[in-house]
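Structure, as structure tokens:
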Amino acid sequence: MAYGGDYNPEQWPEEVWAEDMRLMREAGVTMVSVGIFSWALLEPSEGVFDFSRMDRILDVLQENGIAADLATPTAAPPAWFFRAYPEALPVDRDGRRLSYGSRQTFCPSSPTYRRASLRIAEALAGRYATHPAVVMWHVHNEYGCHNDACYCDTSAAAFRTWLRARYDDDLDALNHAWGTTFWSQWYYTWDQILPPRATGAVPNPTHQLDWRRFCSDELLSLCTAEREVLRQAAPGIPATTNFLVLRTIDALDYWRWAPELDLLSNDHYLMSDDPEAEIDIALNGDLMRSLAGGSWFLMEHSTGAVNWQPVNRAKNPGEMRRNALAHVAHGADGIAFFQWRAAKAGAEQWHSAMLPHAGTDSQIWRDVVQLGTDLKALAEVRGSTVAAQVAIVWDWDARWALELPAQPSGELRYQDLVRDWYTPLWRAGIAVDFIRPDDPELDRYKLVLAPSLYLVTEAAAANLTRFTESGGTLAVGFHSGMVDENCHVYLGGYPGAFRDVLGVMTDELFPLLPEQTTGLTGDVPAATTADLWSERIRLTGAQAVASYADGPLAGHPAVTRHHHGNGTAWYLATHPDQDTLTALLHRIHQEAGATPEHEAPAGIEVVRRRGTEADYLFLIDHTGKGAEAPAEGIELLTGTPITGTVTVPPGGVAVVREPR
Ligand code: GAL
């Protein structure tokens, strides 16, 4: 298991490096990411390279047996670049050209940026392709984190090129796809099309959706261009770029990105206002494992507080260790932090690190050393993966489209809706994969959930329907199946694309106001309420499981169940309270025959990674009280043989190697 973090020795006098090496060895660090933001030092003026410092850094690492994940520094172009090419600075939606002085402030479509970034990538790759310390390429850093879109004229031209390819050079096809007869938006020539810049009223939805697709593709083309340069120079060294799946950052369609990389890595940060951030870790980890089709690498998380939220919460005792080991449980084969040594100066001086400002006489340092020991003990877990009977559909097109303006409700957040459904499964210890809606091998699952699939293509809806017909259980959440890939409403009643498989027809939507709730009765716990959403359903084959107890829809079905072909399709046409959702999903997964990974008391997170020779049962205590669970094998973190019962310490973790 690789262990380490971002290492920025250029921020420190070279005397400090020796101490870094000594402490890295003490903590069990095996790999660090270097050079991520080093462009200004590596290329002090255009085309003039100075690799002397990087030579010394890599040599020092090599001498100390620490591997390097060497980054292309292209996320932070230097000042000289923007002085020479001011047109490469991005323009925001409101037409303001941004200035340099932070990082990732460049136009993704700028030819000068592309040229300059490939030149430094090529120079770096040429110089270090055979350096023995370099084991991985770190392409750029978190594409789309700060510059998901640029609205300048160069981007407009690139957008038009992308659109001509998407619509086969057929402007009428674009006009029809975008529905431009509405509000007099018809385009007569390609050059009339602009990025969706700030405008007076609601912009065209399909225009915006295509724009998001374009922006993701545009950044991807920068990434693959760099990857190509690295591959040419060093075909044997795997290339990754660090993904970032956040509730608030969703610029990239990672289903399209994943196949382009040799290895997937993710950055994960806790939100200070999330009372159950451990669920976010699990969800992210499962999503990464699904994107990777196996194990992945945690490129960044934090030892303590970050510095970019309104108030930056420190981690509670034991929380950092639980976080890191939870990432491993959900498929990470290596753990790293931002960053090695806490910065004294610069924008991130208040961000935690492996080696805090206080130095080694600190709780964080002691925890970092402990984690190094833990990861050594888990070495054999590497390469094992999770086998799930349940899959949740995750789709960036659906996410982007759902969160466009002028929806029936502006209160719907994709990741929150998915997490609502993920949470009960997580609590029950049921392993979950994330899948694309058009996944061709759905039959490997007993249960497929589509909590939020506002946009779905006809082919994907047919895929989910076929899965049900051939005996699977499908559960669909409200406001799904509403529009096609062009954001056109499926006519004839909602939820258009899923009407037949669900056996229902909705003629009108009744979203609820913030704070408004409605009661539910039927086969649901007493005093059930729901919020966010309701709709008037007519049954066309399904049976009502629960109905509205009050309000304008009193007596109308709210939750339905439909035998379709050899399978069953559930529809949750509202947003029940979490207890009721838990009860419903319990019934749904039980009827589908999906089973928990292991028996464990409430509050213990359970994940099983399956290896070729053994399985690894992860038990993580989130109650603070600890617990006992049945198990047989060896507890790897302590090396203790387990016969019958394993003890999970309060706030701690147990990992049992189970015999086959
Ligand atoms: C990440 C970024 C790092 C660092 C970190 C702070 O988004 O990749 O460079 O800024 O956030 O939390």
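Keep in mind the model is a prediction, meaning the values are calculated, not measured. When a ligand or atom number is given, it counts from 1 through the structure's own listing order.
Nearest to atom 6 (C) of ligand 1 among the protein's heavy atoms is H351 NE2, 3.0 Å. Scanning all protein heavy atoms for the shortest distance to atom 4 (C) of ligand 1 gives E348 OE2, 3.3 Å. Looking from atom 7 (O) of ligand 1 to the surrounding protein, the closest heavy atom is E142 OE1, 2.4 Å. Looking from atom 1 (C) of ligand 1 to the surrounding protein, the closest heavy atom is E300 OE1, 3.0 Å.
Ring orientation note: the planes of W162 and F159 are close to parallel, at an angle under 30° on the 30°/60° scale. Below 30°, between 30° and 60°, or above 60°: for F82 and Y100 the angle between ring planes is below 30°, a parallel geometry. Using cut-offs of 30° and 60° on the angle between ring planes, the pair F81 and Y113 is perpendicular.
Residue N307 does not touch ligand 1, judged by heavy-atom distances below 4.0 Å. Only side-chain heavy atoms of R103 come within less than 4.0 Å of ligand 1; its backbone N, CA, C and O stay farther off.
Residue contact check: F37 has heavy atoms under 4.0 Å from atoms 9 (O) of ligand 1. Taking every heavy atom of N141 and a limit of under 4.0 angstrom, the matching atoms of ligand 1 come to 2 (C), 8 (O), 9 (O).
Cation-pi geometry between R341 and W12 is satisfied (NZ or CZ under 6.0 Å from the ring centre, within 45° of the ring normal).
Y254 contributes no side-chain N or O that, together with a main-chain N or O of W396, makes up a donor-acceptor pair within less than 3.5 Å.
The two residues M354 and W365 have their closest heavy-atom pair at O-CE3, 3.4 Å.
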